Protein chains: 2
Amino acid sequence: MTRAEECPEEFDPTRLLTPRAREVLEAARTLLERDGWAALTMRALADELGIAAPSLYKHFASKDALKSQLVAVGLKDFGEALRPVTSVAALVRRYREVAGANPELYRLATHGPLDRDALPPGLEDWSGSPFFEATGEPYRAQALWAAVHGMVILELDGRFPTGSAPKATWDELANHFS
Amino acid sequence: MTRAEECPEEFDPTRLLTPRAREVLEAARTLLERDGWAALTMRALADELGIAAPSLYKHFASKDALKSQLVAVGLKDFGEALRPVTSVAALVRRYREVAGANPELYRLATHGPLDRDALPPGLEDWSGSPFFEATGEPYRAQALWAAVHGMVILELDGRFPTGSAPKATWDELANHFS
DNA sequence: GTCTATATCGGGATAGAC
DNA sequence: GTCTATCCCGATATAGAC
């Protein structure tokens with residue numbers, strides 16, 4: 001397994017957080033991955049930390065702010081995991097792996113509109129740039145990204161008849177873009 | 001534009017509903033498409049129909065039952081729109097069109113786990129079979145479906161830098177599977 | 001098939017003391 | 001940074017009369 005490269009410092013979403021806020025964010029991520037976004041209420045998060053729910057608002061102005069931070073952390077982690085890029089086939093394999101290892105964070109980071117104003121500038125592009133590096137062409141990159149995203153999300157949601165997509169289907173997809 | 005074929009009667013999700021329930025379902029679809037799933041509350045739906053919210057429960061046992069019906073109607077309509085199949089390129093074009101014309105129903109029908117017990121038996125497979133007909137091979141069919149789904153959903157969510165995916169990206173994708 | 005009245009729940013969030 | 005007490009809202013859903 002290729003070792004992931006670290007994200008440039010200016011893209012680190014946690015760089016301006018207090019230490020305590022970082023702990024809250026970590027707990028939120030743990031809870032998110034364990035029970036899903038719908039179960040991640042401010043009360044449940046407070047319980048996980050052993051504090052009272054209103055105390056959370058000393059660290060994050062709103063639940064929405066917390067969500068944006070989680071999304072940013074997801075983009076950072078996924079971007080890191082996808083580089084350095086060696087080939088289309090390896091990128092596809094790695095994308096599936098990292099999404100499968102953090103399914104709820106993946107869902108949160110990729111589902112619905114993205115509040116770009118709440119992200120470190122440049123993070124979104126940096127996160128997706130492995131696709132450009134692997135394909136060497138912007139439209140191919142977008143098409144490949146959309147294709148693997150579709151595979152991952154349908155797989156996570158159990159939309160394939162077999163539950164997860166058969167290896168043959170993943171191979172088909174990788175081959176078409178190699 | 002190719003004329004869509006009608007769905008076999010046994011797959012029609014509304015075949016067992018009372019006329020009034022059908023009207024409720026129609027209103028729900030209208031409201032869903034206008035304001036999105038999050039805004040489709042039982043109260044809002046009742047308002048749209050000019051009745052009181054509790055009256056809805058005479059027609060549908062729960063909101064979840066109503067949701068399942070909407071999903072089923074979506075699968076039926078999308079399946080109809082995608083046949084007869086002439087080519088991979090035409091299928092891809094048509095898929096984008098029909099999803100774009102019913103974005104909120106598309107989201108509802110494709111997002112998250114599918115409650116298969118609540119659907120007419122066979123409807124799910126029938127809805128997706130145009131992909132098999134177009135590719136002539138099951139794994140290719142799945143990969144193509146995932147790819148176009150990824151494109152559509154990222155486009156609906158405004159996830160591409162340009163808002164919607166450029167034509168060149170759609171062409172890339174269709175070409176890879178033709 | 002519709003109504004009114006109401007139960008129940010749980011969410012996000014604020015005020016102000018310590 | 002944490003607490004307790006509390007507010008406010010809006011959601012699904014039920015009971016029972018008409």
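All values derive from a computational prediction rather than experimental measurement. Throughout, a chain's letter reflects where its sequence line sits, starting with A, and its residues are numbered from 1.
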Answer with base, sugar-phosphate or nothing: what part of the nucleic acid does [X] contact at a heavy-atom distance below 4.0 Å?
X: B/Thr41; value: sugar-phosphate
X: A/Arg20; value: sugar-phosphate
X: B/Lys63; value: sugar-phosphate

Rounded to whole Å, how long is the line connecting atom CD of A/Glu23 with atom P of D/dG1?
10 Å
Could you check how far OH of B/Tyr57 sits from C1' of C/dA7, rounded to whole Å?
13 Å
Please determine whether a side-chain nitrogen or oxygen atom of B/Ser55 lies at a distance below 4.0 Å from atom OP1 or OP2 of C/dC3.
yes
Give me the ring orientation class for A/Phe177 and B/Phe177: parallel if the planes are under 30° apart, tilted from 30 to 60°, perpendicular past 60°.
perpendicular
Ring centre gap for B/Tyr139 and B/Phe132 strictly below 6.0 Å:
no
Ion pair A/Asp171/B/Arg140, N-O distance below 4.0 Å:
no
To the side chain of [X], which of [options] is closest?
X: A/Arg43; options: D/dT2, C/dT2, D/dC7; value: D/dC7
X: B/Lys58; options: C/dG1, C/dA13, D/dA13; value: C/dG1
X: B/Pro54; options: C/dG10, C/dG1, D/dT14; value: D/dT14

Under the side chain to side chain contact (heavy atoms under 4.5 Å, CB included) test against A/Leu17, which residue among A/Val24, A/Leu25, A/Asp12 passes?
A/Leu25
